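Count residues from 1 along the sequence. Owing to the predicted nature of the structure, the values given are computational and were not obtained by experimental measurement.
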Amino acid sequence: MDSTFNYDKENGPNCQINRFETEIADSTVTVSPKISLSGNMTKYGAQINSIAYTDMYSTLQGTADFMLNINGDVFDSVGIMMNLKNPISDEGITIDGSISNPDYVSLTKDNIYKYIYMNLQLQLNSFGLNRFLRAQNENNKITAALYSSGTLEHPYVSLNIDDSALWITPDFLRMNGSLILEDKVVTINDFNITFKFINVNNLRATASLEDFTLDATGNLDCQLLTKTIFAPLTLNVSNALVPEGKIIPDSFMVTLATKEFSGSMIKKNFPLSFSAIYSDKLFSIYSSENCGLSGSYSTDGILDLNLDNKNFIKANLSGILNKEQMALQLYDFSLDLPVMLSYLNFDDYIVVNKGQFNADVMLTGTTFEPDFDGTGIIKNPELKLPSLTNNKLTTDEINVSLMHEVLSMENFVLSAKDNQKLELGAKVYLNRWSINRVEASVKTLKKDLFPVKISTPFAKINGDVSLDVNMY
């Protein structure tokens, strides 16, 4: 620090700061923040001619003014104006705010809550979010404007998010929209959320922070391959019991539902709902009958779920799931493929007439760094691949294994006729929860010729062929 200081009775203190630098060196602070500034301080406040904030992600430079007013021995007001920008990018922060005491009350806890007024405008432009996120990406950013006024007892807050991007493997979670907090009621208007092929748009909600209720609506709109899925969504929080003097309720109920899934991906439209009742540190979970989900999840991370829709799927999932660890076992998983696919329009790609899929999988590690270990088998499948051939294809079984980040489909033979057989195999390499790449092989056995009917924008093949293809 390089500074000069003087004091006289008429003008009070006067401090000229030529250079001041401070750096936080703490193992709990991972961004290594450093602040350097120069300016002038008097009894009326401070004028910072130059201020720079630097961490391991970026540098923000600019100017700032601080004002402090004391009326006698009573606090009057404090204000700040600060404008910081990154010299080589669009990142920036602008703050213009004040806290005032118009009634000149003493600063007791009750008076601060009721009579101290705030007025704040905050603008973030392409502000980097890597400082706060575990999953790092240079495009983790937010552009937003915040306005706040009123008292702590009766606040008014308006937040408008122009654009935000958070990297959650394998893609960005993007959000934009606005919300308003007024007298402990939050109103959300036209909020939009996008993740990979999933879009939740036209999200509107009203939530009370006083009685812990929420009513929200929105539209789920997905694009998968060339097909669409659409569902109008409702989300409700109700039946909250908030003890006197507490903010968080001891019990409440949450329900997420849609009256109908539809779209070109869906053959048979259907409703769906999920509910959870929280009480005594335990979430009791259940769904609509056509899903058949039931179970529980405790606040210390014990998960126990059962799935049986009495139609095409059964499964059990149990173990530990929390921030620090994941140790889950998926067992007795059974899926009737023809019945399941009767609800979905995959007919352009695959038609399954017979086939039962059974599997057991262990999931360990953490939700951020998962590790997989499991096996599965498809018994007696009979299927068609319309983009490859018009013939029905059969085999005794298809074995699948999942180890660490590799999903392997062991080589198996699909038969159209005795002398028309294909040997196939595939490996899917995962990156956490997403697919990194796929390797596959297809070849005809011995001197077999296989009947194919392939049509692409570049070529058409119709006839009996011999194949030996590796795909990466």
Please check if the number of heavy atoms outside [X] that lie under 6.0 Å from its [atom1] is greater than 12.
{"X": "Glu210", "atom1": "CD", "result": "no"}
{"X": "Glu138", "atom1": "CD", "result": "no"}
{"X": "Glu289", "atom1": "CD", "result": "no"}
{"X": "Lys227", "atom1": "NZ", "result": "yes"}
{"X": "Asp371", "atom1": "CG", "result": "yes"}
{"X": "Ile435", "atom1": "CD1", "result": "no"}
{"X": "Asn470", "atom1": "CG", "result": "yes"}

task: Please work out whether the ring planes of Tyr343 and Phe312 are parallel, tilted or perpendicular, with thresholds of 30° and 60°.
output: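 Taking Phe312 first and then Tyr343, their aromatic rings sit tilted (interplane angle of 30° to 60°).
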message: For Asp348 and Phe346: C-alpha separation, side-chain torsions, deciding distance, then whether side chain to side chain contact (heavy atoms under 4.5 Å, CB included) applies.
response: CA-CA 5 Å; Asp348 295 344; Phe346 281 108; over 6 Å; no
Can you name the nearest heavy-atom pair linking [X] to [Y], along with the distance?
{"X": "Thr444", "Y": "Ser466", "value": "OG1-OG, 3.3 Å"}
{"X": "Lys421", "Y": "Val413", "value": "CB-CG1, 3.8 Å"}
{"X": "Gln123", "Y": "Thr143", "value": "NE2-CG2, 4.5 Å"}
{"X": "Asn322", "Y": "Tyr297", "value": "CA-OH, 4.3 Å"}
{"X": "Leu129", "Y": "Ala165", "value": "CD1-O, 4.1 Å"}
{"X": "Pro232", "Y": "Thr258", "value": "O-OG1, 2.8 Å"}

- request: Determine yes or no for a side-chain-to-main-chain donor-acceptor pair under 3.5 angstrom, with Ser287 supplying the side chain and Leu293 the backbone.
  value: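 It does hold such a pair.
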- prompt: Between Ser279 and Ser251, is there a donor-acceptor pair closer than 3.5 Å when you use the side chain of the first and the backbone of the second?
  reply: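 No; judged by distance alone, with no hydrogens or angles, the pair does not exist.
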For [Y], is there an ion pair with [X] - N to carboxylate O distance below 4.0 angstrom?
{"X": "Glu439", "Y": "Arg437", "answer": "yes"}
{"X": "Asp347", "Y": "Lys267", "answer": "yes"}
{"X": "Lys85", "Y": "Glu91", "answer": "no"}
{"X": "Asp300", "Y": "Lys281", "answer": "no"}
{"X": "Lys379", "Y": "Glu397", "answer": "no"}

message: Pair Ser334, Gln356 - check side chain to side chain donor-acceptor pair (under 3.5 Å), show working.
response: CA-CA 7 Å; Ser334 176; Gln356 183 84 18; 2.5 Å; yes
- request: Dump the intermediate steps for side chain to side chain contact (heavy atoms under 4.5 Å, CB included) on Val185 and Leu181, then the final yes or no.
  value: CA-CA 6 Å; Val185 175; Leu181 167 64; 5.9 Å; no
Residue among Val237, Ile277, Asn239 satisfying side chain to side chain contact (heavy atoms under 4.5 Å, CB included) with Val254: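 That would be Val237; it is the only one of Val237, Ile277, Asn239 passing the side chain to side chain contact (heavy atoms under 4.5 Å, CB included) with Val254.
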When rounded to the nearest 0.5 angstrom, what distance separates [atom1] in [X] from [atom2] in [Y]?
{"X": "Leu60", "Y": "Ile35", "atom1": "CG", "atom2": "CD1", "answer": "10.5 Å"}
{"X": "Met326", "Y": "Thr367", "atom1": "CE", "atom2": "OG1", "answer": "6.5 Å"}
{"X": "Asp464", "Y": "Asp448", "atom1": "CG", "atom2": "CG", "answer": "10.5 Å"}
{"X": "Leu422", "Y": "Thr395", "atom1": "CG", "atom2": "OG1", "answer": "11.0 Å"}

Would you kindly say whether [X] and [Y] are connected by a side-chain donor-acceptor distance under 3.5 Å?
{"X": "Thr187", "Y": "Arg204", "result": "no"}
{"X": "Asn290", "Y": "Ser288", "result": "yes"}
{"X": "Ser264", "Y": "Thr228", "result": "yes"}
{"X": "Thr226", "Y": "Tyr349", "result": "yes"}
{"X": "Thr194", "Y": "Asn199", "result": "yes"}
{"X": "Asn83", "Y": "Thr94", "result": "yes"}

task: Go through the steps for Lys34 and Asp55 under the test salt bridge (Lys or Arg N to Asp or Glu O under 4.0 Å), then give the verdict.
output: CA-CA 6 Å; Lys34 178 180 178 181; Asp55 58 27; over 6 Å; no
Sub-4.5 Å side-chain heavy-atom contact between [X] and [Y]:
{"X": "Leu402", "Y": "Val361", "value": "yes"}
{"X": "Trp167", "Y": "Leu133", "value": "no"}
{"X": "Gln61", "Y": "Leu84", "value": "no"}
{"X": "Leu337", "Y": "Leu335", "value": "yes"}
{"X": "Ile198", "Y": "Leu220", "value": "yes"}
{"X": "Tyr53", "Y": "Pro33", "value": "yes"}
{"X": "Asn219", "Y": "Leu233", "value": "no"}
{"X": "Lys354", "Y": "Asn380", "value": "no"}

field: Test side chain to side chain contact (heavy atoms under 4.5 Å, CB included) applied to Asn411 and Glu423, step by step
entry: CA-CA 6 Å; Asn411 284 5; Glu423 184 179 80; 3.8 Å; yes
query: Would the Phe212 and Phe252 ring centres measure less than 6.0 Å apart?
result: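 Under 6.0 Å, so yes.
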task: Start with the C-alpha distance between Asn316 and Asn306, add both sets of side-chain angles, then the distance that settles side chain to side chain donor-acceptor pair (under 3.5 Å), and finish with yes or no.
output: CA-CA 5 Å; Asn316 291 282; Asn306 174 265; 2.8 Å; yes
message: Pair Asn176, Asn192 - check side chain to side chain donor-acceptor pair (under 3.5 Å), show working.
response: CA-CA 5 Å; Asn176 65 78; Asn192 302 291; 3.2 Å; yes
query: Looking at residues at least two apart in the chain, or sitting in another chain, which of them share a salt bridge (charged side-chain N to carboxylate O under 4.0 Å, His left out) with Lys392?
result: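 Partners of Lys392 under the salt bridge (charged side-chain N to carboxylate O under 4.0 Å, His left out) test: Glu382.
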task: Mind checking salt bridge (charged side-chain N to carboxylate O under 4.0 Å, His left out) for Asp250 and listing every partner two or more places apart, or none if nothing turns up?
output: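 Only Lys246 meet the salt bridge (charged side-chain N to carboxylate O under 4.0 Å, His left out) criterion with Asp250.
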task: State whether Phe368 and Arg432 meet the cation-pi test: NZ (Lys) or CZ (Arg) under 6.0 Å from the six-membered ring centroid, and within 45° of the perpendicular axis.
output: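 Yes, Arg432 and Phe368 form such a contact.
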- prompt: Given Phe372 and His404, is the side chain to side chain contact (heavy atoms under 4.5 Å, CB included) satisfied, shown in steps?
  reply: CA-CA 5 Å; Phe372 309 98; His404 303 307; over 6 Å; no
- prompt: How far apart are the C-alpha atoms of Asn160 and Asp162, what are their side-chain angles, what is the distance that settles it, and do they pass the side chain to side chain donor-acceptor pair (under 3.5 Å) test?
  reply: CA-CA 6 Å; Asn160 186 72; Asp162 293 327; 2.8 Å; yes
